[in-house]
Amino acid sequence: MPPTPCALCKTNRALIVRPKDHSKLCKACFIQVFETEIHHTITANKLFHRGEKIAMGASGGKDSTVLASVLKTLNERHDYGVELILLSIDEGIKGYRDDSLETVKRNAQQYKMPLTILGYDELYGWTMDQVVEQVGKKGNCTYCGVFRRQALDRGAARLGVKHVVTGHNADDIAETVLMNLLRGDLPRLSRTTSIVTSTPSAASSDPKSHTNIKRSKPLKYAYEKEIVLYAHHKSLDYFSTECIYSPEAFRGSARALIKNLERVRPSAILDVVRSGEDMAKLVPGSDDSCGGNCANGAPAAEEEEGGCGSSNGRTAGGEMANMEQQLAQNELATENGLEVEITAGAISGQSHSSGTTPLRNREKKTKNKSEAVASRKPPKQVMGKCSRCGYLSSQEVCKACVLLEGLNKNRPKNAIQVGYEAQDTDNADSMATATSRLRNVQIQAD
Amino acid sequence: MPGKHVSGIAEQTCRRCKENSAVLVVRTEPLCRDCFVKYVHTKAIKRMESFRVRNSAPDQQRKILLPISFGVSSVSLLNILDHHLKTQKSKTGRTGFALVVLFVDATGVGRSPPDKALLDLAKERFPEHEYTSIPLHEVFDLVSEDTSLLEILPTISSNKSLPSSERLPVLLNSLASATARADVITILRTRLIVEQAKKLECEGILWGDSTTKLAEKTLAETAKGRGFSLPWQIADGESHLGIAFNYPLRDLLKKELVAYVDMADPSLSPLVHEPSKTANQLSMSSKNTTIDDLMTQYFESVEANFPSIVSNVVRTSGKLEVTPISTSTPHCSLCSNPVTDGRFGIHGWGGDQEDGLVPSLTERSKGLCYGCTRSIPRQSANGDGA
């Protein structure tokens, strides 16, 4: 049998079956197509503008490594005129982050890009290892996710950068769409499908403010499998161990489903992303009438508290079980509430003559309650600032500060008395000290 | 399996009547047989409020269509409604509505379709209703001649003399995957039922979908790229096809209906069509798996341990708002869902990365929505000539 020629150049021998559409390509054409698509995403969505300084969230994993490599290539090839730097967050997970940070350092040298590493311990006074020691493995991904989101923005502000790009790929987005359908979170579904998220103008005019950072996902339409293929064929140096702490069940469950869907119909990942964008427009109260298609972007805050997405179909179940319990209780309450309402109504109807005021009151109350239930819509988020750290938040106190308060409350007082006081008395102050201690690893290229 | 079968069996008494011993646990409540049957009926009838006797004029019988697939859900629904109508009659001397039971005969199409003989069995058991049966391919005769459905395949439109019974296999054979075939069959079936309901002057359609089925549909349609159409596809009320849809079983889980089929007296299981096990398992392992199959499997496992999450999915997708449409809003030629902003086809959006292929005129004029374009791709839509 003669070798199949590449579907694009028709000359070279096809060596790669493209995961996205199963077309048979040669190595050079695959790399070309992959890069062109990302270029297309960048230009069609006007993600960058000339002279912009852009920080790439770098974990040392395949996504961020490929992102750095592709953006560097495209910036040179198409003369975007943007300045690219690497920003890494050190969660403080021994045996996972140490090694991946070494990869990031090597990448920085290879790509001749400046690198900044910012640690959770410096930022929050807690490494993830310490958090896990305190809260256990269940639910720790929430901490990690909430902390990381702010950490990237704080790091960017520190570097005077207004735009952070992350390596979220099509699989991640599709996963998040299904996950948010499963846990019933439409506002988050709508936010995460946006290619650009930015904090609204509630932000301060202080140039160092971390509340005015734009986020974008140039790999939004790139398949994870193609990212791996690209990394492989370009012989990129990346770190492939997954986070050692257990993932959330919802994401794991959604991830397994996405993988199966891809097997049945390769376009399914892209199709879920498309559905997510379309559904975002149907979410009540969403300002994001343009779905994921316009460059203005959706409000970004608390977008991905969910964690790191490194779970691999392992289902811990705890998270789902908790939610199940809560939902079941809600259902029971609604059902009982209805029963109360009916009896109250019936009784008050029968005993009208006896003039039972308490019953009438009760009837009124239940009526109000049912009205409240009826008018309950997904809350429209109003963005303000956290009263403690100034980070953008829909609540009085942002999620990170709430989590920190919980952690600090339970921290044995004798262990780290100083840190504890600093955190508790004046959070903003401790943030300042933390950032001043920021490890700034500038790797100069020769 | 139904909730959980009580392990300590006879020791537990029913939480509702507090007399009989419980036979199964439903959403944490141990129930006896009678109370469970009552529970199922109440959940379904609560959804039938608008069809009460007092809402129907004595001189004019309201007709509703009940499509029956002989799955657990539609058979249960028929039994529940039959019982409900008898109760109405005995209480008020008349009924709030009349049922027309419709069976779509898909012999030779798809995998192991139910036998038409089941329809006679149903007639015997519930003789008070009107029954009709119609072959699936008649959808091509029922939709008016000029409709765009016929334009989907040039082979079909160019050869007007082709009898409808042969059009269907031509269309299905041109589709590349099991997912596409199952998708198209489901859509055609829905459209046939709608046309038939209109023809028989029914004012609405009662679908048998359980909570679980609606959750499956939510995720399956999302996966097929039809997220935009979800508010139309699972909501009660006026549908995009110009007739009211009703889902009376939307508050009951599939496993509860499976239990109900056994516990109804006499059992409903002779009426239920079970696709042969071997055929099913075979298809799971091979290329024949469809997106619908995946979702069925998925929610079967979620339902076992997290039933409330299943209903939460349905509640969530129910919160999506319908985009305001007017009479001039174009519809997809196949699934008939309203498509706003000319977003036909699979090109011309962020995820489409082929610069040259911005929504072509031909693609727009074909009038297929994103999801339907995935099932009927350009090659087959263009036919040999194009």
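In what follows, every chain begins at residue 1, and chains take the letters A, B, ... in the order their sequences are listed.
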Among the listed options [options], the residue most often paired with chain A at heavy-atom distances under 4.5 Å:
| options | value |
| --- | --- |
| B:Pro231, B:Ala215, B:Ala223, B:Ser301 | B:Ala223 |
| B:Thr222, B:Leu219, B:Val313 | B:Thr222 |
| B:Pro307, B:Gly371, B:Ala178 | B:Pro307 |

**OP:** Using a cut-off of 6.0 Å, state whether more than 12 heavy atoms not belonging to A:Lys225 lie near its atom NZ.
**Re:**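 No, the 6.0 Å shell around NZ holds no more than 12 heavy atoms from other groups.
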**OP:** Please say whether more than 12 non-hydrogen atoms of neighbouring residues, nucleotides or ligands are located less than 6.0 Å from CD in A:Gln326.
**Re:**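 12 or below, so no.
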Original post:
Should A:Asn260 and B:Met295 be marked as a side-chain contact (heavy atoms from CB on, under 4.5 Å) after you check the CA-CA gap, both sets of side-chain angles, and the distance that decides it?
Top reply: CA-CA 10 Å; A:Asn260 283 332; B:Met295 293 306 171; over 6 Å; no
With rounding to the nearest 0.5 Å, note down the distance linking [atom1] in [X] to [atom2] in [Y].
| X | Y | atom1 | atom2 | value |
| --- | --- | --- | --- | --- |
| B:Thr28 | A:Gln329 | OG1 | CD | 9.5 Å |
| A:Leu327 | B:Ser311 | CG | OG | 7.0 Å |
| A:Met279 | B:Leu230 | CE | CG | 5.0 Å |
| A:Leu181 | B:Ile309 | CG | CD1 | 13.0 Å |
| B:Ser317 | A:Leu282 | OG | CG | 11.0 Å |

**OP:** Could you look at B:Glu29 and say if it's the side chain, the backbone, both or neither that has a heavy atom under 4.5 Å from chain A?
**Re:** neither
Subject >> B:Arg226 versus chain A, the contacting section by heavy-atom distance below 4.5 Å >> reply: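 Backbone only.
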Subject >> Short side-chain donor-acceptor distance under 3.5 Å, B:Tyr298 and A:Ser253 >> reply: yes
**OP:** Would you check if there is a donor-acceptor pair between the side chains of A:Arg265 and B:Ser177 at a distance under 3.5 Å?
**Re:** no
Original post:
Among A:Asn330, A:Ile269, A:Leu257, A:Val273, who wins on heavy-atom pairs under 4.5 Å with chain B?
Top reply: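 Result: the option with the highest number of such pairs is A:Leu257.
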Subject >> side-chain contact (heavy atoms from CB on, under 4.5 Å) between A:Arg274 and B:Arg374, worked out >> reply: CA-CA 12 Å; A:Arg274 162 73 178 234; B:Arg374 282 286 183 222; over 6 Å; no
Subject >> A:Met323/B:Asn312 under side-chain contact (heavy atoms from CB on, under 4.5 Å): CA gap, chis, key distance, verdict >> reply: CA-CA 10 Å; A:Met323 177 152 173; B:Asn312 197 40; 3.1 Å; yes
Original post:
Which region of A:Val177, side chain (C-beta onward) or backbone (N, CA, C, O), has a non-hydrogen atom less than 4.5 Å from a non-hydrogen atom of chain B, or is it both or neither?
Top reply: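 Answer is side chain: those atoms of A:Val177 sit under 4.5 Å from chain B.
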Original post:
With only heavy atoms counted, which part of A:Leu178 is less than 4.5 Å from chain B, the side chain, the backbone, both or neither?
Top reply: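 For A:Leu178, the side chain is the part near chain B, not the backbone.
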Original post:
In a check of side-chain contact (heavy atoms from CB on, under 4.5 Å) between A:Val264 and each of B:Asp293, B:Asn288, B:Asp292, B:Thr179, which one passes?
Top reply: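 Option passing the side-chain contact (heavy atoms from CB on, under 4.5 Å) with A:Val264: B:Thr179.
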**OP:** Test B:Thr316 against every option in A:Leu189, A:Leu186, A:Asp185 by the side-chain contact (heavy atoms from CB on, under 4.5 Å) rule and name the one that passes.
**Re:**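 Only one of A:Leu189, A:Leu186, A:Asp185 forms a side-chain contact (heavy atoms from CB on, under 4.5 Å) with B:Thr316, namely A:Leu186.
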**OP:** Mind listing the closest non-hydrogen atom pair of B:Ser308 and A:Glu324 along with its distance?
**Re:** N-OE1, 2.8 Å
Original post:
Between A:Asp271 and B:Lys224, what is the shortest heavy-atom contact and its length?
Top reply: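 A:Asp271 and B:Lys224 have their closest heavy atoms at CB-C, 4.1 Å.
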